[in-house]
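Numbers restart at 1 for each chain; the letters A, B, ... are given by sequence-line order, proteins then strands.
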Protein chains: 2
Amino acid sequence: MGSITVKGSVDVNGVSDLDDVPKRRRRRLLSVDSILDAALALVDEHGRLTMAELATRLGSSASSIYHHLPGRDAILEALRERLGRDIGTIPVEQTWDAGLATWLRRYRDVFAAHPNLIPLLTGQTITDPTVLASYEAVTGMLLRGGFPEDEVVLWLSVVDNFALGSALDLAAPDEVWRPSAPAGQDSPTPRMDAAVRAATRGRERADAAFELGLTALVAGMRAHLDAAADNG
Amino acid sequence: MGSITVKGSVDVNGVSDLDDVPKRRRRRLLSVDSILDAALALVDEHGRLTMAELATRLGSSASSIYHHLPGRDAILEALRERLGRDIGTIPVEQTWDAGLATWLRRYRDVFAAHPNLIPLLTGQTITDPTVLASYEAVTGMLLRGGFPEDEVVLWLSVVDNFALGSALDLAAPDEVWRPSAPAGQDSPTPRMDAAVRAATRGRERADAAFELGLTALVAGMRAHLDAAADNG
DNA sequence: ACCTGAACACCGTTCAAGT
DNA sequence: ACCTGAACACCGTTCAAGT
């Protein structure tokens, strides 16, 4: 029974299984993709990533992981690349303001799907070609929109900072935006308590704030562009 | 000689030194303030904070620190409070837009003095009364400016996210904003390379981007307010 | 080529023992 | 009350030994 060979079967990694040798090679346990899947799941569930927990989830040992990826930092960088790819390219037929808004929403949406990952990524730098290509596209969009070349990098920084800050907002607990005292009772922050009570909470608040800020930022950029055109 | 008592001397901690007992009590080595000073210096210099390095710098042992502060997280939270206090209150006689700009600039300036600290603080939540009082003041300012109560929390989130993202920008290396290929050579990101070459770099870029974004954001908020007033 | 356990250097924290 | 070294549980990483 144990010696029956299934002809032409293909395993999950897409590797042909025809190499039946007398001493059958043990099945490939790990792959870069399976490691990244497990790592992302771990971060989503617990908000942290340790090599030991990762190994347990993979049914493997921590040292085995190092045969596929050179360490914990590399895993995080690979996850960043994966998310960067998910943002995708922006439609070129849009005007700069619509295109920028589209890009920023996708940017944040992708990270919003994995809020716990964001704090783990802030320490590292972007080197992934896909992510850089996305910046290149936005650069072209802003230039076509009429922004001067020496200003484009500044605007890229601005929207990047806003998007990152908004993404981090998703990971942080909502404590600041929870009224510290019940209505009618004395509080050191009565106006804020009332304002918090009047607004939505949690994810809904974060989403609405992002949308409001995005609109204001783009409107401000448009005003800046118009003012420069009037002077020129 | 060793038995001479200096009358009424006061040590650095403001504790009277008159309790001369046969076996003179050893001088107080640590205090909350000295620990926080050393911790901030360590973060500024190395971008990280370990209890062992902190103890070495204090000429003490790691376990001693726990007699003054309940752990590493408490040290970071205390540093956050310290910086929060540095932001101070905003002048009430300003209009909402000028006041908001003043507050955001101070907010970022304070963190800009210690960029390495920012990534270490993003994980924790604000609980310090001084920081909360500062949010309360901004809330009052926006309400007086005419923003509806149920929108104030959203705008607070927006400017908070922008300020945090901009502060984190100071801590990250400038790699993304460095041209990947020399001028005239083929590059996957030619337009961005040219834009980066036309702009300033490092701290100067981060500062200019913050100023530009701040102006745009406030202008966008003003436009939003005016549009709502026209409809109402 | 891939996997493993043991070992390593390091981390934050606890605690009994000292003064 | 404050300080200390030793010990603890945990961390990422290395490596000789296996298949």
Worksheet, complete the sentence: Separation of dC3(C) atom P from L29(A) atom CG, nearest Å, is 5 Å
Item to complete: May I ask you to say whether R57(A) pairs ionically with E45(A), meaning some side-chain N is under 4.0 Å from a carboxylate O?
Response: yes
Worksheet item: Sequence neighbours excluded, which residues qualify as salt bridge (charged side-chain N to carboxylate O under 4.0 Å, His left out) partners of R48(A)?
Response: E53(A)
Discussion item. Distance check needed: dG12(D) C1' versus I75(A) CD1, whole Å only.
Written reply: 10 Å
Item to complete: Measure from CG on L69(A) to P on dT14(D) and round the result to the nearest Å.
Response: 13 Å
Item to complete: Could you tell me whether the side chain of T122(B) reaches within less than 4.5 Å of the side chain of I118(A), counting heavy atoms only?
Response: no
Discussion item. Whether R201(A) and D174(A) form a salt bridge (side-chain N of Lys/Arg under 4.0 Å from carboxylate O of Asp/Glu) is what I want to check.
Written reply: no
Fill in: Strand DNA chain D in bracket notation, Watson-Crick/G-U under 3.5 Å with | for pairs to another chain
||.|||||...|||||.||
Worksheet entry | 5' precedence on DNA chain D between P70(A) and E53(A) (nearest-nucleotide basis) | E53(A)
Worksheet item: Under 4.0 Å: is that the gap between some side-chain N or O of H68(A) and OP1 or OP2 of dC3(C)?
Response: yes
Worksheet item: Does the distance from a Lys or Arg side-chain N to an Asp or Glu carboxylate O, for R106(B) and D86(B), drop under 4.0 Å?
Response: no
Worksheet item: At under 4.0 Å, does any side-chain N or O of S64(A) touch on OP1 or OP2 of dT4(C)?
Response: yes
Practice prompt. Figure out the NE2/C1' separation between H67(B) and dC3(D), and round it to whole Å.
Written response: 6 Å
Discussion item. I want to verify a distance call: between dT4(D), dC11(C), dT13(D), whose nearest atom is closest to the R72(A) side chain?
Written reply: dT13(D)
Practice prompt. Would you kindly give the CD1-to-P distance between I65(B) and dC3(D), to the nearest whole Å?
Written response: 10 Å
Fill in: S63(B) side chain near dT14(C) phosphate (N/O to OP1/OP2, under 4.0 Å)
no
Worksheet item: Which nucleotide sits closest to the side chain of Y66(B): dC11(C), dC3(C), dT14(C)?
Response: dT14(C)
Worksheet entry | Options dT4(C), dC11(D), dT4(D), nucleotide nearest the side-chain atoms of R48(A) | dC11(D)
Item to complete: Specify the separation, in whole Å, of atom CG of L54(B) and atom P of dT13(C).
Response: 12 Å
Practice prompt. Look at D207(B) together with R108(B) and state whether they make a salt bridge at an N to O cut-off of under 4.0 Å.
Written response: yes
Practice prompt. Only counting residues at least two apart or in another chain, list the ones meeting salt bridge (charged side-chain N to carboxylate O under 4.0 Å, His left out) with D37(B).
Written response: R82(B)
Worksheet item: In whole angstroms, how far is the P atom of dT13(D) from the CD1 atom of I35(A)?
Response: 13 Å
Worksheet item: Could you state the CG-P distance from L120(B) to dG12(C), rounded to the nearest angstrom?
Response: 11 Å
Worksheet entry | Closest to side chain of S60(B), choosing from dT13(C), dT4(D), dG12(C) | dT4(D)
